Peer 1: 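Below you will find the structure I want to go over with you.
Both counts, for ligands and for their atoms, begin at 1 and track the order of listing. Note that this is a predicted model, so its numbers are computed, not measured.
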Amino acid sequence: MNSPAVDTLFDELEMSYEPDNIYYQTISAVLEASQRIGMSHREQLILAQPKNELMVHFPVRMDDGSYQLFKGYRVQHNNVAGPYKGGIRYHEDVYLDDIKSLAVLMTMKCALMRLPYGGAKGGLKLNPRSVSTDELMRITRRFTAALGSNIGPDYDIPAPDMGSNAQVMAWMADTYINFAEINNKVEARSVVTGKPLAFGGSEGREKATGQGVVDVLEVLMPGMGLDLSVCTYSLIGYGNVGSWTARLLAAKGAKCLAVMDHKGAIYNAEGIDAEALATYVRETGSVLGFEGAGEISEEEFYSCEVDLLIPAALEQMIHQGNAKLIRCKVLVEAANAPVTPEGENMLVERGVTILPAILCNSGGVTVSYFEWKQNRQSEQWDAETVDRRLKRIMQDGAQRVLLAATKYDCSLRIASYAAALEHLKEIYELRGIFP
Ligand code: NAD
């Protein structure tokens with residue numbers, strides 16, 4: 001349900017609210033927050049739709065000599081604060097509205113953390129596990145060529161997301177360097193972030209999102225009466241974000257009781273060894289069969305009593321169907337938009353605190369910013385410098401959200417959007433609208 005003011009805006013834009021549509025869910029909450037902070041009507045109109053939505057189709061020769069047609073997206077939501085920035089997802093279930101929603105979240109994330117970027121997101125409709133390494137390289141190069149001048153180090157800077165990785169970023173950068181009409185070919189690698197260390201990557205980028213989750217928890221948990229060093233948690237997803245969050249939480253003393261991924265769920269009341277599980281998942285592709293825990297059903301996973309439930313997989317995984325099972329005190333959104341509005345209402349009614357995604361998982365884009373900055377200054381920072389600067393930015397972001405929650409008397413989610421929008425509002429008011 002939208003507020004009447006958001007409904008009026010939807011009517012004006014001829015958008016009809018579809019409750020299951022992730023883009024409408026995301027933009028409604030953002031517009032709700034924009035009303036709270038008193039954003040002007042014209043600024044709300046601008047934010048309600050992305051600036052550009054690009055869809056490309058391109059053929060690629062497969063290993064067996066046949067040709068396959070692929071579909072890719074790049075959505076550029078807003079660039080008032082700086083170049084568009086956001087990951088590229090490789091997944092068979094990628095749709096335009098998912099990418100639009102994720103692009104909005106990137107605008108919000110960069111604004112909340114006061115990074116000099118706008119928001120974008122890309123997607124390629126592909127299961128990366130279904131193609132060979134050579135095919136993945138050719139697909140990535142053709143996708144990059146199809147995006148052409150729609151990306152660039154000063155215009156739109158992709159990064160890895162689900163299903164893509166540092167190697168994919170290296171192929172993207174190399175393709176762009178070969179195509180782009182830029183004099184400084186070395187600096188042109190800053191067209192993407194999340195690259196391998198040897199090719200312009202940053203120390204700490206791989207673990208950055210998990211590190212950011214832990215930095216935020218360190219600031220917020222004492223105020224919620226919880227102690228990181230003795231808390232228990234369960235985790236959805238054991239990929240980049242999930243596995244790094246678990247390994248870093250283990251170092252703080254937190255105990256992981258249960259993990260679920262795309263193949264199944266596991267449980268150990270004594271705690272799951274995060275490092276051993278990461279090695280096992282690297283070798284087998286899933287948490288299932290890990291000998292340090294027993295297999296449980298999805299229903300048992302959601303019913304586990306824990307202090308923290310950390311979704312670090314797909315969007316909309318927590319909904320009214322499973323929210324009733326959940327027995328956690330705090331839900332930590334390491335994934336983007338993992339909870340539907342109905343799921344959120346049910347959890348909030350039961351006293352669960354939700355720590356919003358644009359705060360919790362912005363460690364990734366923050367270290368991407370560090371990488372971009374290092375590339376442009378021909379510098380290489382050490383791991384301690386990255387960690388220290390990241391922690392400072394994450395802590396400042398968390399404080400902004402707490403302040404906004406008090407100022408606007410609202411949930412942490414609306415507060416996170418409000419704190420982000422205050423920044424964008426200020427920029428719009430300084431810059432005005434062209435012409
Ligand atoms: P990843 O591809 O490395 O891992 C995804 C994990 O999700 C895997 O463990 C997979 O098994 C699991 N998964 C997939 N489908 C599932 C299902 N149906 N049920 C349970 N588990 C399932 O991806 P990632 O990079 O770790 O990203 C995870 C989430 O975090 C995404 O929402 C992504 O947008 C978000 N995120 C990632 C970064 C980053 O730096 N990688 C930054 C910010 C946000």
Peer 1: Specify the protein heavy atom at minimum distance from atom 26 (O) of ligand 1: its residue, its atom name, and the distance to 0.1 Å.
Peer 2: V241 N, 2.9 Å
Peer 1: Which heavy atom of R74 sits nearest a heavy atom of G122, and at what distance?
Peer 2: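 Heavy-atom minimum between the residues: NH1-N, 3.2 Å.
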Peer 1: At less than 4.0 angstrom from any non-hydrogen atom of A313, what atoms of ligand 1 do you find?
Peer 2: 7 (O), 12 (C), 13 (N), 21 (N), 22 (C), 28 (C), 29 (C), 31 (C), 32 (O)
Peer 1: When you measure from atom 17 (C) of ligand 1 to each heavy atom in R205, M317, R89, which option holds the nearest one?
Peer 2: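 Among R205, M317, R89, the closest heavy atom to atom 17 (C) of ligand 1 comes from M317.
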Peer 1: Tell me whether N52 contacts the main-chain N or O of Q76 through its side chain, where contact means a donor paired with an acceptor under 3.5 Å.
Peer 2: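 Side chain of N52 to backbone of Q76, a donor-acceptor pair under 3.5 Å: no, none is there.
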Peer 1: Determine whether V191 and M172 make a side-chain contact, defined as any pair of heavy atoms from C-beta on separated by less than 4.5 Å.
Peer 2: no
Peer 1: Can you confirm, on distance only, whether ligand 1 has an N/O atom lying under 3.5 Å from any N/O atom belonging to N361?
Peer 2: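 No: no nitrogen or oxygen of N361 is under 3.5 Å from one in ligand 1.
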Peer 1: When you compare ligand 1 with P160, is there at least one nitrogen or oxygen pair between them that comes in under 3.5 angstrom?
Peer 2: no
Peer 1: Is it the case that atom CD in E92 sees more than 12 heavy atoms from other parts of the structure closer than 6.0 Å?
Peer 2: yes
Peer 1: Looking at residues at least two apart in the chain, or sitting in another chain, which of them share a salt bridge (charged side-chain N to carboxylate O under 4.0 Å, His left out) with E18?
Peer 2: none
Peer 1: Will you find, in the side chains of S132 and D134, an N or O donor that is under 3.5 Å from an N or O acceptor?
Peer 2: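 The answer is no; no qualifying pair exists.
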Peer 1: Hey, looking at atom 39 (C) of ligand 1, which of L102, D261, N165, T209 has the closest heavy atom?
Peer 2: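 Selected option, by shortest heavy-atom distance: T209.
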Peer 1: Using 30° and 60° as the class boundaries, would you call the ring planes of Y24 and F10 parallel, tilted or perpendicular?
Peer 2: tilted
Peer 1: To check your reading of the model: name the closest protein heavy atom to atom 25 (O) of ligand 1, its residue, and the distance in Å.
Peer 2: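 Here the nearest protein heavy atom works out to N240 CB, 3.8 Å.
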Peer 1: Tell me which part of S286 gets within contact of ligand 1: side chain, backbone, both or neither, using heavy atoms under 4.0 Å.
Peer 2: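 None of S286 does.
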Peer 1: When you look at CD of E426, are more than 12 heavy atoms from neighbouring residues, nucleotides or ligands closer to it than 6.0 Å?
Peer 2: no
Peer 1: Return yes when atom CZ of R327 has more than 12 non-hydrogen atoms of other residues, nucleotides or ligands closer than 6.0 Å, and no otherwise.
Peer 2: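 Counting neighbours around CZ of R327, more than 12 heavy atoms of other residues, nucleotides or ligands fall under 6.0 Å, so yes.
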Peer 1: What protein heavy atom sits nearest atom 4 (O) of ligand 1, and how far off is it?
Peer 2: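 Minimum-distance protein heavy atom for atom 4 (O) of ligand 1 reads G239 CA, 3.3 Å.
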Peer 1: R138 vs D63, test: salt bridge (charged side-chain N to carboxylate O under 4.0 Å, His left out). Steps then yes/no.
Peer 2: CA-CA 10 Å; R138 290 197 294 276; D63 290 345; 2.9 Å; yes
Peer 1: Among all protein heavy atoms, pick the one closest to atom 9 (O) of ligand 1 and tell me residue, atom and distance.
Peer 2: Y238 N, 2.8 Å
Peer 1: Return the residue, atom name and 0.1 Å-rounded distance of the protein heavy atom closest to atom 27 (O) of ligand 1.
Peer 2: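 Sorting protein heavy atoms by distance from atom 27 (O) of ligand 1 puts M162 CG, 3.4 Å first.
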Peer 1: Relative to the ring of Y117, is the ring of Y369 parallel (under 30°), tilted (30 to 60°) or perpendicular (over 60°)?
Peer 2: perpendicular
Peer 1: Counting each atom of ligand 1 from 1 as listed, which ones have a heavy atom of G237 under 4.0 Å away?
Peer 2: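 The list of qualifying atoms is 6 (C), 7 (O), 9 (O), 12 (C).
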Peer 1: Give me the nearest non-hydrogen protein atom to atom 11 (O) of ligand 1 as residue plus atom name, then the distance to 0.1 Å.
Peer 2: H262 ND1, 2.6 Å
Peer 1: Testing E32, M15, Q49 one by one against I27 for a side-chain contact (heavy atoms from CB on, under 4.5 Å), which residue passes?
Peer 2: M15
Peer 1: Within the structure, does N336 bring an N/O atom to less than 3.5 angstrom of an N/O atom in ligand 1?
Peer 2: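 Min N/O separation from ligand 1 is below 3.5 Å for N336.
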Peer 1: Looking at ligand 1, is there an atom of it that comes within less than 4.0 Å of some heavy atom belonging to A312?
Peer 2: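 Judged by the 4.0 Å heavy-atom criterion, A312 does count as contacting ligand 1.
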Peer 1: Write out the residue and atom name of the closest protein heavy atom to atom 2 (O) of ligand 1, then the distance separating them to 0.1 Å.
Peer 2: G163 N, 3.5 Å
Peer 1: Does any N/O atom on D161 come nearer than 3.5 Å to any N/O atom on ligand 1?
Peer 2: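 Yes; at least one N/O pair falls below 3.5 Å.
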Peer 1: Could you tell me which atoms of ligand 1, counted from 1 in the order shown, lie closer than 4.0 angstrom to a heavy atom of A334?
Peer 2: 30 (O)
Peer 1: Regarding atom 15 (N) of ligand 1: of the candidates L314, V213, V259, which has the closest heavy atom?
Peer 2: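 It is L314 whose heavy atom sits nearest to atom 15 (N) of ligand 1.
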Peer 1: Hey, does G242 come in under 3.5 Å of ligand 1, counting only N/O atoms on both sides?
Peer 2: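 Such a contact does not occur with ligand 1.
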